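Given the structure is predicted, the values throughout are model-derived calculations rather than measurements.
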Amino acid sequence: MSASLSRPRVGVWLIGARGSVATTVVTGCAAVTAGLHPPTGMVTETPAFTGSGLPALSDLVFGGHDTFDCPLPKRAETLTAGGVLPPGVATAVTAELAAADGEIRPGGPTPGDTRSQAELITAFAADIRDFVHRHDLERAVVVNVASTEPASAGPDAPLPASTLYALAALRAGCSYVNFTPSEGMHHPVAAGEAERSGLPHAGRDGKTGQTLLRAVLGPMFAQRALTVRAWSGTNLLGGGDGAALADPAAAAAKNAGKERVLADTLGTVPEGEVHIDDVPALGDWKTAWDHIAFDGFLGTRMILQTIWQGCDSALAAPLVLDLARLTARAHETGLSGPLAALGFYFKDPVGEGPSGLSEQYEELVRFGRSLGLGGGGGGGDAQSEGKREGERESDDDVRDVGPVSGPGTPGEAL
């Protein structure tokens, strides 16, 4: 097939590219493309999105940044041993894993890194541009799937690593998705750059388990006029995310999105807290328990308890693939700014949109239909007007605010 007739390919640049989520994303994409497994959990593979013009899974090319050096095929072996990946799949797609691993570049900042923030942003952006150029990609989407960072120490503190990567995405002319609770594009410096860039972005914090259920149950109580008195939760998890969330500051960043869902769907924040416990023996598996105290007719007191047990990596991977395809298509159709219609996927979505899962799904389907028509409508806060390629600010417009800080970007599961 001649180059002029070949389908354009789209890059997916993963931050935390050797973590559990990223490894599951690459393995799963290859397995579904090869017909080894069905696309379970991928909303974009349902009939509602048939005419949306999304890039095919076979046209996605993977690369990324990470501070770890364990090769993807080895990571896939570990996930297979832990029951995250089914037996035989990683072996069947070893070539695809090796190809993606060859596109992973050193991340940062790492301990002792003396580069300024501007130098790191420039280096990260150059890696992404080189990836796009060498593979002759039509465009690329940068997706943050690294471990949760503590909240920023304030406006005068050094930029967190997630924001450095977000700025690099903009510098490279790429759309951006933050699947983590980390600050990323939410930092005021990055938010200003995003507005000037004319690029679409989405996030933050993927809604995979406990909060997914809260987005269903919250509207149920509100619509049935039942008063929720208290809502408490506990998460038991291991792996890299469990270790990262053992830091109270990181856990607070994670819990903020969970609380927002209740506030938005119930109209108030009930009593109770969410606790996150690191249990290393659980590995990539998580148990989430909720205890909901509510009042019925005549003040009759009742209780609802839920238990969610699942694998975060397997829950997150299809959503990451959905988001990469939808965001790439939004970029192709000329949309810019926050993609509020993708709130279906997030605990703390950007832009204005509904909070209940059912309404979010309806908004997502409308957005998918609009993408099939060229993206002119249904995109929430995303604007059809804005700067395009060639109109973005120069590299010098990203300010250098001093030395970097932070432990880097460990590529572990969310």
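- Between F179 and T208, some side-chain heavy-atom pair lies under the 4.5 Å cut-off.
- Looking only at atom types and distance, the side chain of S162 has a donor-acceptor partner in the side chain of E149 under 3.5 Å away.
- Comment: D59 does not engage R9 in a salt bridge, judged by the lack of any side-chain N to carboxylate O separation of less than 4.0 angstrom.
- The closest donor-acceptor contact from the side chain of T265 to the backbone of G218 lies at 3.5 Å or more, if one exists at all.
- The main-chain N or O of L137 is never found under 3.5 Å from a side-chain atom of H135 such that the two would form a donor-acceptor pair.
- Between the side chains of S20 and R75, a donor-acceptor pair is found at a separation under 3.5 Å.
- The shortest non-hydrogen separation linking A328 to P55 is CB-CG, 4.3 Å.
- Proximity of a side-chain donor or acceptor of S182 to a complementary backbone N or O of G184 within less than 3.5 Å is not detected.
- A salt bridge between R134 and E103 is present, with a side-chain N of the basic residue lying under 4.0 Å from a carboxylate O of the acidic one.
- Looking at every heavy atom in both residues, G368 comes nearest to S52 through O-OG, 2.8 Å.
- N144 and Y165 are not linked by any side-chain donor-acceptor pair at a separation below 3.5 angstrom, with hydrogens and angles left out of the test.
- When atom types are taken as modelled, the side chain of T163 and the backbone of L159 share no donor-acceptor pair closer than 3.5 angstrom.
- Ion pairing of D101 with R18 is present here, as a side-chain N (NZ or NE/NH1/NH2) and a carboxylate O approach within less than 4.0 Å.
- Using bins of under 30°, 30° to 60° and over 60° for the plane-to-plane angle, the ring pair H65/W13 lands in the perpendicular bin.
- Q305 and D290 form no side-chain donor-acceptor contact under 3.5 Å, judged by distance and modelled atom types alone.
- Neither side chain, S175 nor R139, offers a donor N or O lying under 3.5 Å from an acceptor on the other.
- Two residues are said to be in side-chain contact when any heavy atoms from C-beta on lie closer than 4.5 Å; D113 and L120 meet this criterion.
- Side-chain contact annotation: Q210 with K347, donor-acceptor N/O pair under 3.5 Å absent.
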